[in-house]
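Order of the sequence lines sets the chain letters (A, B, ...), proteins ahead of strands, with each chain counted from 1.
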Amino acid sequence: MNEVFGEFEEIRPEQGTEHMSLAFKPSSVPLKQRWRNNGLSADFLGDYLTTFFPKKSDDPKTVKKQAVVRDAATYIANELLENAMKYSNEDGNILNSINLTLMEDRLVFTEINGITKQQEMDFKAFIDELENNDPDELFMKKLEESAMSDSSSGLGYLTMLNDYQATLGWQFDDASGEHKVTTRVVISI
Amino acid sequence: MNLIEDENYKVSYQQEDALVVFSGTLRLGGMSEYAPIVECLQKAVSETGSLTLNLKDLDFLNSSGIAMLSKFVISARNKEDFELSILGSNETPWQEKSLKNLQRLMPSLTLRLE
C-alpha cells in the first residue's frame with residue numbers, strides 16, 4: 001500500500017543546495033522528557049538556516065528576510081516534531097525523522113514517523129476534512145472549537161496553510177511491514 | 001502581581017495596570033499544560049472591564065499556545081462590553097502572521113503592532 005494525499009512533491013534531499021536530517025527513537029525516554037528536544041531541534045534548524053540569509057547592516061530587507069525565514073522554519077519544524085511525538089507508534093521500530101532541505105526558492109520539510117492503524121485512520125479523516133473545506137474557514141472553525149475543548153488538534157497544519165502559505169502533502173506506506181507516514185511541507189522563500 | 005514562569009517563558013499579570021505581559025518562548029505540550037496561564041487570563045477578565053495583553057517580547061508560540069490565546073479571546077468576547085487590546089511587535093514575524101486571527105475572532109479587539 002502506498003497512498004498519497006495533498007500536494008506531495010517528490011523531492012530528494014540531494015536536489016537542494018543544503019539539507020539536514022535529525023532522527024529520534026520514539027520510545028527512548030518518556031514523552032515529557034523528550035518534549036524539550038522538539039524546541040531544541042526546531043531552533044537549531046532555524047538558526048542553521050540564517051547562515052544562508054546573511055544580514056547586511058545597510059539593507060533592512062536582509063534583516064527582515066533572515067527573521068522571516070528563521071521564524072517560519074522554527075515554527076513549522078516544531079509543529080512537525082510535536083505532531084510526530086504525539087501521534088507516532090511508540091511500539092514500532094521506525095525512527096521519527098525530520099529533514100530540512102534548502103532549495104533555490106523554497107524550504108522543504110519532510111517528517112517521517114511510524115503510526116498505528118488507528119492513528120492512520122484518524123490522520124486520514126483529518127486530511128479528508130482539510131481537502132473538503134476551505135482552509136481559512138476550517139481554521140476559524142477550529143479556533144472557535146478550541147474554546148469548547150482541550151484539543152488543539154490540526155491547528156498546526158492550519159496555521160502552516162493560512163499564515164505561512166505552505167503546501168502540504170502526505171504519503172502513507174507499509175512497505176517495511178509497519179505503517180508509516182511521510183509529511184511534506186513546502187514554503188516559498 | 002501574579003507570575004507564571006519557567007526557564008523559557010514568563011507571564012505576569014499586573015493587576016494595577018490591567019495588563020498581562022508575555023515574554024520568551026512558549027511551546028508547552030498541549031492545552032492541559034497551558035491551563036495555569038488560561039486560569040490567570042480568566043482571572044484577569046473577571047477582575048476588570050478592560051485588559052491589555054503585551055506579547056511584544058513573546059518570541060515564539062506553538063499551535064497549542066495559539067489555541068490557548070483563541071480560547072481566551074473567545075471568553076473575553078463573551079463578556080459584555082469587555083475591552084481587550086493586544087500589543088504585538090512587527091519585528092516578530094509570527095506575530096505579524098498570526099495575531100490578526102485573534103481579531104477575526106473578536107472584531108472589537110484592538111490590535112497594535114509596533
Side-chain angles (χ1 to χ4, degrees), chain A residues 30-43 46 60 63-83 85-86 136-137 139-166 187, chain B residues 6-9 24-39 41-42 45 55-56 58-79 84 88-107 109 113:
Chain A
L31 190 140
K32 197 152 176 87
Q33 219 170 308
R34 279 182 292 130
W35 193 258
R36 68 185 290 272
N37 276 1
N38 298 332
L40 291 174
S41 305
D43 284 345
V63 177
K64 183 87 179 171
K65 178 85 174 178
Q66 187 186 84
V68 166
V69 170
R70 184 188 179 283
D71 173 86
T74 308
Y75 182 80
I76 292 169
N78 187 70
E79 289 300 319
L80 291 174
L81 288 162
E82 286 190 8
N83 277 343
M85 203 167 273
K86 281 194 268 191
D136 186 56
E137 280 172 25
F139 184 41
M140 295 315 287
K141 182 173 158 244
K142 293 274 179 190
L143 288 181
E144 291 279 352
E145 281 173 6
S146 69
M148 313 298 225
S149 74
D150 279 338
S151 163
S152 58
S153 169
L155 263 190
Y157 287 124
L158 285 161
T159 40
M160 289 179 210
L161 276 173
N162 286 287
D163 295 349
Y164 293 84
Q165 284 73 50
I187 55 166
Chain B
D6 77 1
E7 75 233 54
N8 298 310
Y9 74 88
T25 295
L26 258 176
R27 41 187 156 212
L28 302 178
M31 287 291 268
S32 57
E33 291 193 21
Y34 278 102
I37 298 175
V38 172
E39 274 169 38
L41 292 170
Q42 308 284 25
V45 170
L55 306 178
K56 285 175 84 172
L58 187 62
D59 300 324
F60 189 96
L61 185 68
N62 67 358
S63 64
S64 301
I66 290 173
M68 174 271 296
L69 278 186
S70 304
K71 190 174 184 152
F72 164 69
V73 167
I74 288 167
S75 72
R77 180 185 74 188
N78 293 341
K79 191 179 169 189
L84 181 63
S89 164
N90 51 24
E91 288 179 6
T92 307
W94 79 263
Q95 298 194 10
E96 277 194 304
K97 289 185 167 74
S98 296
L99 289 182
K100 61 183 186 300
N101 298 319
L102 299 176
Q103 203 170 31
R104 294 176 66 195
L105 289 173
M106 183 182 182
L109 184 158
L113 294 177

Are a donor atom and an acceptor atom from the side chains of B/Ser98 and A/Asp163 found within less than 3.5 Å of each other? yes
Taking NZ, NE, NH1 and NH2 as the nitrogens, is one of them in A/Glu145 or A/Lys141 under 4.0 Å from a carboxylate oxygen of the other? yes
Between the side chains of A/Tyr75 and A/Thr159, is a donor N or O closer than 3.5 angstrom to an acceptor N or O? yes
With chain B as the partner, which of A/Asp43, A/Leu158, A/Val63 has the greatest number of non-hydrogen pairs under 4.5 Å? A/Asp43
Contacting region of A/Asp71 [heavy-atom separation from chain B under 4.5 Å]: side chain
Could you look at B/Leu61 and say if it's the side chain, the backbone, both or neither that has a heavy atom under 4.5 Å from chain A? backbone
Find the one option among A/Gly39, A/Ala67, A/Ala72 whose heavy-atom pairs under 4.5 Å with chain B are most numerous. A/Gly39
Which atoms of B/Asn90 are under 4.5 Å from chain A, going by heavy atoms: the side chain, the backbone, both sets, or neither? backbone
Any ion pair linking B/Arg104 and A/Asp136 (charged N to carboxylate O, less than 4.0 Å)? yes
Checking heavy atoms, do the side chain of B/Ile74, its backbone, both or neither come under 4.5 Å from chain A? side chain
Is B/Leu28 close to chain A through its backbone or its side chain, or both, or neither, when contacts mean heavy atoms under 4.5 Å? backbone
Answer yes if the side chains of A/Glu79 and A/Asn83 hold a donor-acceptor pair under 3.5 Å, and no otherwise. no
Distance-only polar pair, side chains of B/Tyr34 and B/Asn62, donor-acceptor under 3.5 Å: yes
Using a cut-off of under 4.5 Å for heavy-atom pairs, which of A/Arg70, A/Glu82, A/Lys64, A/Met140 has the most such pairs with chain B? A/Met140
